[in-house]
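Within every chain, numbering begins at 1; the chains are lettered A, B, ... in the order of the sequence lines, protein sequences first and strands thereafter. Predicted, not measured: the structure shown is a model, and the values here were computed from it. Basis for what follows: all heavy atoms, side chains included, without hydrogens, waters or symmetry-related copies.
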Amino acid sequence: MRPSYLLFRNPVHELGQELAGFLHAPEGRGGFVNVVDLCGESGPIVVLGLPDLADGLSGKTLSITTTFVDLCLAKRLVVGQKHQARAGAEPWSQGKLLAQAGISESYIEQYLCWTTGACTEEVDAALLQTVLQSIATSLQKLLRELDDELRTKGERERFFDIEVPVSNAMLRQQVRGLSIDHVRLEGVLEHTSSSLARVRRQLRMRFNLTNPSDRSMVRARLAEAGFDKATNRALREGDKGWLELSGLRHDLPRLLHEHQTFTRDKSTLLKLGAFGSTEVFPRYNTQGTITGRIVITEPSLQNLRRESREVISPRPGRVLLYPDFSQYEPGILADESGDEQLISDYNRGDLYEPLSIALFGDRAHRKHAKTIFIAFCNGMTEEGLVEIASRASGRPNEECRDIVAQFFGKYMRLRDWTEDLFGELENQGRVGSRLGNYRYLGAGAAPGSRARNRWAISQRIQGTASLILKRVIIRLDKEAPDCWPVLPMHDALLCEVPKSSASEIRSLLGELFISCFREECPSVDPRVHFEGSGFVVDG
DNA sequence: ACATTCAGCGCC
DNA sequence: AGGGCGCTGAATGT
């Protein structure tokens with residue numbers, strides 16, 4: 001079916017009005033339209049920026065049957081690089097795409113003015129119509145170009161079979177939004193505030209740190225306590241989470257870490273409350289990361305602390321379910337590498353516990369063992385692993401080196417697999433997941449250098465992980481439209497489902513998680529569980 | 001005064 | 001000396 005082409009206006013600037021759009025259709029039907037009217041149609045509609053469109057429909061009760069094809073999403077896929085540019089200046093942004101289509105600078109400027117509602121002066125109506133007509137028409141050409149680009153880069157199947165259906169499923173979710181329990185919110189906020197007060201008091205009394213947000217004072221106190229490395233920025237790169245780790249054996253970094261955490265959490269929660277309504281409508285970016293993960297923003301609910309997640313509640317008559325892959329990425333790594341030992345260890349049970357026992361002598365440090373294992377999956381060098389192991393356990397580097405070497409030495413094929421992957425990157429100039437989603441070698445680092453292949457492993461592993469979760473979302477959308485994918489969480493999916501069919505949907509979710517994983521990774525035996533997430537789930 | 005960067009955390 | 005993100009408040013830049 002021949003698609004139509006739609007431009008739309010950001011509704012924030014047209015409060016109370018219907019969402020204005022400008023349509024170009026091959027049959028000639030076109031001009032200014034009400035976007036809501038288009039949602040019930042069947043034919044595909046090409047747009048720029050699906051999350052923006054969803055913003056305009058947020059909270060409306062409407063059944064969306066149209067399939068939208070977002071050209072920005074297609075461009076993101078073919079670019080295959082991380083964005084360094086500020087928001088709105090990425091190569092897949094509307095403005096850049098229109099420039100690629102040969103639209104003149106002044107037309108683009110006037111269009112962006114219209115679509116964002118940023119214009120301060122009235123634009124001549126006739127001129128505006130000319131501009132919109134010209135741009136809407138050019139989308140046709142842009143679609144053809146991008147289609148070619150998708151084909152030559154091996155992303156066409158990925159785009160039409162995965163990204164288009166997923167972006168449409170998440171568009172519907174963005175329009176539905178989700179509900180916040182203000183009673184729980186108040187409780188969590190209260191708890192966070194008093195924790196923050198306690199931490200501030202201790203910092204003041206025990207460490208004479210009167211103002212924890214004064215960076216120079218913090219640096220001075222850390223230096224007094226022997227943490228002079230904290231001032232050396234050159235050492236920061238490998239120091240992700242260093243306050244927390246150092247906090248295991250010293251109260252100053254521990255308290256500083258807590259201060260940071262509670263401060264941030266408090267303002268996040270305050271912002272949630274400030275919406276005034278019980279409903280929020282976050283934006284779902286279905287190509288939020290280079291590896292294909294879905295990223296949720298405004299608010300960034302995926303980053304809520306686990307302790308604060310209870311503020312998310314189901315709508316009346318519905319309940320939450322949270323199916324969750326256990327040891328997801330190690331499982332994918334096992335299948336990818338074909339390492340027999342890793343496959344059998346994964347299939348036999350927990351991978352993190354044995355490491356916890358080897359390093360710390362007990363199961364209690366599973367959390368840190370997990371960090372180390374995941375770091376290993378992401379290609380951290382042995383020295384790096386030894387460093388975190390040593391800091392987390394408090395044992396000397398020498399001891400940790402032996403333990404780490406012995407533990408990971410069991411997985412013989414992993415090294416070969418890694419070398420093969422790096423070789424592939426050098427030869428092809430790119431690394432993908434299993435269905436396109438390539439990331440390309442940038443101009444930066446020298447051949448063979450570590451910086452050049454840092455991301456190769458995660459592109460394959462994380463990329464495969466996000467592909468599997470997207471397959472789950474697509475099948476769910478088809479097989480159980482009552483099951484709403486509220487929060488995709490990378491290795492899990494928070495769903496809101498009708499209370500009356502919760503148990504059936506729970507079984508279906510379990511089956512879908514398993515079968516979609518098996519489809520990609522037949523050599524491993526995936527496990528799914530539904531508890532212990534911090535969300536208030538049914539049961 | 002406003003914008004960008006930095007440093008650090010949250011999540012997976 | 002581990003990948004992918006967003007967000008916050010302070011620091012720095014214009």
Side-chain angles (χ1 to χ4, degrees), chain A residues 82-87 89 211-219 229-245 247 253 256-271 282-283 285 287-309 324-330 333 370-391 397 404 418 431 433 437 439 450-451 453-463 465-466 469 487-494 533-534:
Chain A
K82 277 176 67 169
H83 64 281
Q84 285 94 352
R86 67 178 188 286
N211 183 6
S213 40
D214 180 335
R215 296 253 263 261
S216 55
M217 193 184 282
V218 169
R219 269 198 295 271
K229 275 184 178 180
T231 60
N232 189 342
R233 279 176 46 199
L235 294 173
R236 257 199 30 72
E237 182 101 354
D239 263 0
K240 200 152 132 180
W242 78 274
L243 275 180
E244 185 188 13
L245 266 184
L256 286 170
H257 171 237
E258 289 179 2
H259 181 266
Q260 186 98 27
T261 300
F262 290 137
T263 303
R264 187 184 156 282
D265 205 36
K266 187 180 168 183
S267 45
T268 308
L269 292 166
L270 279 172
K271 205 168 269 186
R283 292 165 57 93
N285 183 354
Q287 274 290 336
T289 76
I290 185 72
T291 57
R293 284 179 165 186
I294 298 169
V295 170
I296 300 166
T297 58
E298 302 172 47
S300 170
L301 294 178
Q302 285 165 322
N303 298 336
L304 266 188
R305 300 180 63 231
R306 292 175 80 90
E307 290 79 4
S308 302
R309 286 176 176 176
D324 181 339
F325 283 119
S326 48
Q327 311 186 61
Y328 192 27
E329 296 192 357
L333 179 67
K370 178 179 175 179
T371 305
I372 294 167
F373 206 109
I374 300 284
F376 173 76
C377 291
N378 284 329
M380 189 189 255
T381 60
E382 199 162 293
E383 302 84 73
L385 295 172
V386 170
E387 185 62 34
I388 13 179
S390 166
R391 263 197 268 179
N397 275 39
V404 166
T418 306
V431 164
S433 69
N437 199 23
R439 176 169 177 178
R450 174 112 184 95
N453 54 30
R454 273 193 140 101
W455 45 262
I457 294 176
S458 77
Q459 185 66 23
R460 178 62 61 82
I461 301 300
Q462 207 183 93
S466 65
L469 197 68
L487 291 187
M489 292 289 287
H490 313 313
D491 70 345
L493 186 64
L494 183 69
S533 61

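- Considering every non-hydrogen atom in both A/I290 and A/R439, the closest pair reads CG1-CD, 3.6 Å.
- The side chain of A/R305 has B/dG10 as its nearest neighbour among C/dG2, B/dG10, C/dC5.
- Taking 4.0 angstrom as the limit, A/R309 places a side-chain polar atom (N or O) nearer than this to OP1 or OP2 of B/dC12.
- Residue A/L304 is classed as a sugar-phosphate contact, given heavy-atom separations below 4.0 Å to backbone atoms only.
- Contact annotation: A/S213 reaches the phosphate of C/dA10 (side-chain N/O to OP1 or OP2, under 4.0 Å).
- Using a 4.0 Å heavy-atom criterion, one finds that A/R264 contacts the bases of the nucleic acid, with or without backbone contacts as well.
- Protein atom CG of A/L301 is 14 Å distant from nucleotide atom C1' of C/dC5, rounded to whole Å.
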Walk me through it: do A/D324 and A/S326 pass the test side-chain hydrogen bond (donor to acceptor under 3.5 Å, both in side chains)?
CA-CA 6 Å; A/D324 181 339; A/S326 48; over 6 Å; no
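- The CG atom of A/N378 sits 8 Å away from the P atom of C/dG3 (whole-angstrom rounding).
- Using a 4.0 Å cut-off, no side-chain N or O of A/H490 falls inside it from OP1 or OP2 of C/dC5.
- If A/A375 and A/K82 are placed on DNA chain C by their nearest nucleotide, the residue sitting closer to the 5' end is A/A375.
- Atoms CD and CG, on A/Q287 and A/N437 in that order, are 5.5 Å from each other to the nearest 0.5 Å.
- A/H490 contributes atom NE2, which lies 7.5 Å from atom OG1 of A/T289 (distance to the nearest 0.5 angstrom).
- Within 4.0 Å (heavy atoms only), A/L243 reaches sugar-phosphate atoms of the nucleic acid but no base atom.
- Contact annotation: A/T261 reaches the phosphate of B/dG10 (side-chain N/O to OP1 or OP2, under 4.0 Å).
- Nucleic acid contact class of A/Q462 (heavy atoms, under 4.0 Å, all strands): base.
- When rounded to the nearest whole Å, the span between CD of A/Q287 and C1' of C/dG6 equals 17 Å.
- Summarising the geometry, the separation between CD1 on A/I296 and P on B/dC12 is reported as 12 Å, rounded to the nearest angstrom.
- At a cut-off of 3.5 angstrom, counting only N and O atoms as typed in the model, there is a donor on one side and an acceptor on the other between the side-chain of A/K240 and the base of C/dG3.
- Atom pair A/I294:CD1 and C/dG6:C1' shows a separation of 16 Å (rounding to whole Å applied).
- Note on A/R439: only backbone sugar-phosphate atoms sit closer than 4.0 angstrom, heavy atoms only; bases stay farther off.
- Nearest nucleotide to the A/R215 side chain, out of C/dC7, B/dC6, B/dG8: B/dC6.
- Candidate nucleotides C/dA1, B/dG8, C/dA11 were compared by shortest atom distance to the side chain of A/D214, and C/dA11 ranks first.
- For the pair A/M489 CE and B/dC11 C1', the interatomic distance rounds to 6 Å; values are reported in whole Å.
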Test A/N378 against A/S458 for side-chain hydrogen bond (donor to acceptor under 3.5 Å, both in side chains), laying out the working first.
CA-CA 5 Å; A/N378 284 329; A/S458 77; 5.0 Å; no
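- Interface remark: the A/R293 side chain does form a donor-acceptor pair with the C/dG4 base, using a distance-only criterion of under 3.5 Å.
- For A/S300, whose side chain is taken as the heavy atoms from C-beta onward, the closest listed nucleotide among C/dG6, B/dG10, C/dA11 is C/dG6.
- Rounded to a whole Å, the CD atom of A/E298 is 17 Å from the P atom of C/dC5.
- Atom CG in A/L333 sits 4.5 Å away from atom CD1 in A/I461 (nearest 0.5 Å).
- If you take CD of A/E329 and C1' of C/dG2, they are 12 Å apart, rounded to a whole angstrom.
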